[in-house]
Amino acid sequence: MTHILHIDASARPGIAGTDNHGSHSRHLTYQFVSQWQSGRPQDTVTYRDIGQNPPSIISHDWIASAFAPEERRESWMKNALTESDQLIDELIAADIVVIGTPLYNFGMPAALKAWVDQVVRPGRTVEFDDTNPIDPYIPKLTDRKRHAVVLTARGGVNMAPGEEMAHMNHLEPHLATALAFIGITRVHYIAIEGQEVGGEVLAKSVAAAIQKVETLVEELQVVLESTPSPQPA
């Protein structure tokens, strides 16, 4: 059985095409998860709407607690990491992480950056090897082949890798770096462009993205069906 962690990061609560000022990234994640469950109703989903309920920004107490050895943590330190532990537990439990996010001012929304900061944590998702000063970081989420599906919406056009405006898109590269840092390297990207342009440009982009979502769901379901389930230790 496959478990999906579904994250929406858009500040817009509705779905484009259904609600006024709805979110195109939420539209894509809805399409992905609903189609997945239609084909595999036995699979489970955890939903987290960080666009409407953003994670906490890391604080001095969080940093002091996260970098303290677990056996030396005081009760206030454990309390400071409660939210982080919950978010990390959700991530570890997932076989597929579906992230719906807009491109805001060349990068990810603050809510998604807060989530990244909460889940990239020493001792939980990454280890530090002080015997290797050149590359001391060891990702911990390598116990199985997790996939991340990044479904984005952006106002501009031609912002995919290799295109004319790619230099203004720091969203996907940032996410790819953060996910690989903790051990998730199988990342799939689908984007809607032209939100600010609108009209036929946007309509064609939406239609193409929905088709790509349908294809990706089919491909991943084949991959997951052929992947042995992890056995208990």
Side-chain angles (χ1 to χ4, degrees), residues 1-10 25 29 32-33 43-101 107-130 135-151 171-188 220 224 227 229-233:
M1 185 170 67
T2 298
H3 183 65
I4 295 173
L5 174 59
H6 172 187
I7 299 171
D8 279 324
S10 176
S25 63
T29 60
F32 184 98
V33 174
D43 292 345
T44 54
V45 178
T46 295
Y47 180 59
R48 183 163 286 274
D49 188 345
I50 63 173
Q52 297 302 297
N53 300 285
S56 302
I57 297 172
I58 60 171
S59 63
H60 172 272
D61 286 355
W62 190 99
I63 296 170
S65 304
F67 285 87
E70 187 172 0
E71 65 275 10
R72 298 182 187 175
R73 286 182 190 144
E74 301 177 29
S75 58
W76 68 267
M77 291 180 166
K78 295 177 182 178
N79 291 336
L81 296 175
T82 297
E83 181 182 16
S84 174
D85 283 331
Q86 182 178 0
L87 295 173
I88 290 171
D89 288 345
E90 291 174 355
L91 179 59
I92 290 174
D95 301 293
I96 301 175
V97 185
V98 179
I99 302 175
T101 176
M108 67 179 70
L112 184 53
K113 179 59 166 63
W115 179 83
V116 168
D117 289 343
Q118 290 283 356
V119 301
V120 178
R121 193 176 116 197
R124 289 298 314 268
T125 56
V126 64
E127 289 286 5
F128 187 84
D129 178 9
D130 57 10
D135 185 13
Y137 305 106
I138 304 172
K140 295 196 69 173
L141 272 62
T142 56
D143 55 306
R144 63 182 187 275
K145 295 179 179 179
R146 293 177 179 84
H147 293 259
V149 177
V150 180
L151 304 173
L171 171 59
E172 284 95 332
H174 190 163
L175 270 176
T177 300
L179 292 170
F181 189 68
I182 60 177
I184 302 175
T185 57
R186 298 164 183 84
V187 187
H188 314 269
L220 284 180
L224 269 294
T227 302
S229 299
Q231 299 299 313

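For the numbers below, each heavy atom of this structure counts, side chains included, while hydrogens, waters and symmetry mates do not.
Between atom CG of residue L141 and atom CG of residue D143 there is a gap of 6.0 Å, rounded to the nearest 0.5 Å. Here the NE2 atom belonging to H6 is positioned 11.5 Å from the OG1 atom belonging to T46, to the nearest 0.5 angstrom. Rounded to the nearest 0.5 angstrom, I99 CD1 and T29 OG1 are separated by 11.0 Å. With values rounded to the nearest 0.5 angstrom, D49 atom CG is found 3.5 Å from Y47 atom OH. Taken from CG in L224 to CD1 in I96, the straight-line distance is 4.5 Å, to the nearest 0.5 Å.
Distance alone, capped at 3.5 Å, places no donor-acceptor pair between the D95 side chain and the T2 backbone. Checking side-chain atoms of R73 against main-chain N and O of S65 turns up a donor-acceptor pair under 3.5 Å. A distance-only check finds no donor-acceptor pair linking the side chain of K140 to the backbone of E127 [under 3.5 Å].
The shortest heavy-atom contact between M77 and A68 is SD-CB, 4.0 Å. The minimum heavy-atom distance between A66 and R121, with the atom names listed, is CB-CG, 4.0 Å. The heavy-atom pair separating V97 from I7 by the smallest distance is CG1-CD1, 4.2 Å. When all heavy atoms of T125 and V120 are compared, the closest pair comes out as OG1-CA, 3.5 Å. Across all their heavy atoms, V187 and L179 have their closest contact at CG2-CD1, 4.2 Å. Considering every non-hydrogen atom in both T101 and S25, the closest pair reads N-CB, 3.5 Å.
Within the 4.5 Å cutoff, side-chain heavy atoms of R48 are placed close to those of L87. Using a 4.5 Å cut-off on side-chain heavy atoms (C-beta onward), T44 and M1 make contact. Counting only heavy atoms from C-beta outward, the side chains of L91 and I184 approach each other to under 4.5 Å. Two residues are said to be in side-chain contact when any heavy atoms from C-beta on lie closer than 4.5 Å; R146 and I92 meet this criterion. In this structure, V149 and L220 have side chains that are in contact, with non-hydrogen atoms separated by less than 4.5 Å.
Residue-environment remark: CD1 (I57) stays at or below the threshold of 12 foreign heavy atoms within 6.0 Å. More than 12 heavy atoms of other shown residues, nucleotides or ligands fall within 6.0 angstrom of atom CD in Q52. In this structure, Y137 places its OH atom where only 12 or fewer heavy-atom neighbours from other residues, nucleotides or ligands lie under 6.0 Å away.
Ring pair H188/H147 is parallel by interplanar angle, where below 30° counts as parallel and above 60° as perpendicular.
Partners of R124 by salt bridge (Lys or Arg N to Asp or Glu O under 4.0 Å), not counting sequence neighbours, listed by chain and number: D85, D89.
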Got a list of side-chain donor-acceptor pairs under 3.5 Å for residues 109-118, not counting sequence neighbours?
from, atom 1, to, atom 2, distance (Å)
K113, NZ, D117, OD1, 2.8
K113, NZ, D117, OD2, 2.9
Q118, OE1, W62, NE1, 2.9
Q118, NE2, S56, O, 2.8

